[in-house]
**Student:** 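I have a structure I would like to understand better, so I am pasting it below and will then ask my questions one at a time.
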Amino acid sequence: VQLQASGGGLVQDGDSLRLSCAASGPTFSGWQLAWFRQAPGKEREFVAKIFYTSGRTYYEDSLKGRFTISRTKEKNTVFLQMNSLKPEDTAVYYCAAAASTGVLVGDMDYWGKGTQVTVSS
């Protein structure tokens with residue numbers, strides 16, 4: 001399984017950004033694909049996840065309404081649309097895949113390299 005995140009960059013307060021995660025592997029049927037983020041000096045935290053087969057989504061409560069996770073019809077790319085970005089959203093964003101249904105860092109089976117998102121005020 002390989003996960004490749006992209007789309008990060010430097011944006012201004014209130015801007016939008018869309019991250020992509022290209023996933024490759026034998027099959028992701030029954031798996032979940034998730035986004036996490038890690039700000040400097042902080043623990044890595046859950047952002048959102050989507051079930052590969054059903055498309056059902058879950059979000060960190062504080063990010064609902066601003067962030068949207070989706071996947072392509074081909075189901076091999078997961079997106080994270082981030083709107084109304086704030087300086088506190090500055091972090092390295094990681095995509096991850098898991099066969100389980102948890103949302104903890106330890107629940108993930110595979111991780112991609114992160115992509116840096118910096119929001120300036």
**Student:** Transitively linked via ILVMFWY side-chain contacts under 4.5 Å: Tyr52 with Tyr110?
**Tutor:**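 Yes; Tyr110 is reachable from Tyr52 via cluster members.
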
**Student:** Can you name the nearest heavy-atom pair linking Ala48 to Tyr59, along with the distance?
**Tutor:**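 Smallest heavy-atom distance, with atoms named: CB-CD2, 3.5 Å.
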
**Student:** Check whether any side-chain N or O of Thr53 sits under 3.5 Å from a backbone N or O of Gly30 as a donor-acceptor pair, and report yes or no.
**Tutor:**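 A pair under 3.5 Å: yes.
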
**Student:** Shortest non-hydrogen contact from Ser54 to Arg71?
**Tutor:**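 That closest heavy-atom pairing would be C-NH2, 3.5 Å.
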
**Student:** Closer than 3.5 angstrom, by distance alone: can the side chain of Asp107 be matched with the main-chain N or O of Val103 as a donor-acceptor pair?
**Tutor:**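 Here the side-chain-to-backbone pair exists.
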
**Student:** Would a distance-only check, ignoring hydrogens and angles, find a side-chain to backbone donor-acceptor pair under 3.5 Å from Thr90 to Val119?
**Tutor:**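 At least one qualifying donor-acceptor pair exists.
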
**Student:** Taking only distance into account, with no hydrogens and no angle test, what donor-acceptor pairs under 3.5 Å do side-chain atoms of residues 31-42 form with protein atoms, sequence neighbours excluded?
**Tutor:**
from	atom 1	to	atom 2	distance (Å)
Gln32	OE1	Lys49	NZ	3.0
Gln32	NE2	Ser100	O	2.9
Gln32	NE2	Gly102	O	2.7
Arg37	NE	Glu45	OE2	2.6
Arg37	NH1	Asp89	OD1	2.9
Arg37	NH1	Tyr93	OH	2.9
Arg37	NH2	Glu45	OE2	3.2
Gln38	OE1	Arg44	NE	3.2
Gln38	OE1	Arg44	NH2	3.4
Gln38	NE2	Lys42	O	3.1

**Student:** Is the shortest heavy-atom distance from the side chain of Thr101 to the side chain of Phe51 under 4.5 Å?
**Tutor:**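 Yes. Closest side-chain heavy atoms under 4.5 Å.
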
**Student:** Answer whether the closest heavy-atom distance between the side chains of Leu3 and Trp111 falls below 4.5 Å.
**Tutor:**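 No; the side chains remain at least 4.5 Å from each other.
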
**Student:** What are the two closest heavy atoms between Ser121 and Pro87, and how far apart are they?
**Tutor:**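 For Ser121 versus Pro87, the nearest heavy atoms are CB-CG, 3.8 Å.
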
**Student:** Just wondering, do Leu80 and Thr68 contact through their side chains at under 4.5 Å, heavy atoms?
**Tutor:**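 No - every pair of side-chain heavy atoms lies 4.5 Å or more apart.
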
**Student:** Using a distance-only test with no angle check, is there a side-chain donor-acceptor pair under 3.5 angstrom linking Gln4 and Ser6?
**Tutor:**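 No pair is found: no donor N or O on one side chain lies under 3.5 Å from an acceptor on the other.
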
**Student:** Can you see which heavy atom on Leu10 is nearest to which on Ser120, and at what distance?
**Tutor:**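 Shortest heavy-atom separation between Leu10 and Ser120 comes out as CD1-CB, 4.4 Å.
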
**Student:** Hey, any chance Leu63 and Leu17 share a hydrophobic cluster, counting ILVMFWY side chains that come within less than 4.5 Å of each other, even indirectly?
**Tutor:**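 The answer is yes; both residues are in one hydrophobic cluster.
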
**Student:** List the residues meeting salt bridge (charged side-chain N to carboxylate O under 4.0 Å, His left out) with Lys64, not counting sequence neighbours, and say none if there are none.
**Tutor:**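 Listed in chain order: Asp61.
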
**Student:** Hey, quick one: are Met82 and Ile69 part of the same hydrophobic cluster, counting side-chain heavy atoms closer than 4.5 Å, chains of contacts allowed?
**Tutor:**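 Yes; Ile69 is reachable from Met82 via cluster members.
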
**Student:** Grab the two heavy atoms, one from Ser16 and one from Asn83, that are nearest each other, plus how far apart they are.
**Tutor:**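 In terms of heavy atoms, the two residues are closest at OG-OD1, 2.9 Å.
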
**Student:** Scan for disulfide (SG to SG under 2.5 Å) pairs involving residues 86-121, sequence neighbours excluded, and state none if there are none.
**Tutor:**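 Sorted result for residues 86-121: Cys21-Cys95.
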
**Student:** Should Val1 and Met108 be regarded as members of a common hydrophobic cluster, given that ILVMFWY residues are connected when their side-chain heavy atoms come within less than 4.5 Å of each other, either directly or indirectly?
**Tutor:**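 Hydrophobic grouping puts Val1 apart from Met108.
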
**Student:** Quick check: do Thr115 and Leu19 have side-chain heavy atoms less than 4.5 Å from each other?
**Tutor:**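 Heavy-atom side-chain distance check passes, below 4.5 Å.
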
**Student:** Give me the atom names and distance for the closest heavy-atom approach of Asp13 to Leu85.
**Tutor:**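 For Asp13 and Leu85, the tightest heavy-atom pair comes out as OD1-O, 3.0 Å.
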
**Student:** Any chain of hydrophobic side-chain contacts (each under 4.5 Å) joining Tyr94 to Phe79?
**Tutor:**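 Shared cluster, no.
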
**Student:** Is the number of heavy atoms from other residues, nucleotides or ligands within 6.0 Å of CD (Gln12) greater than 12?
**Tutor:**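 No, CD of Gln12 has 12 or fewer neighbouring heavy atoms, counting only those of other groups under 6.0 Å.
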
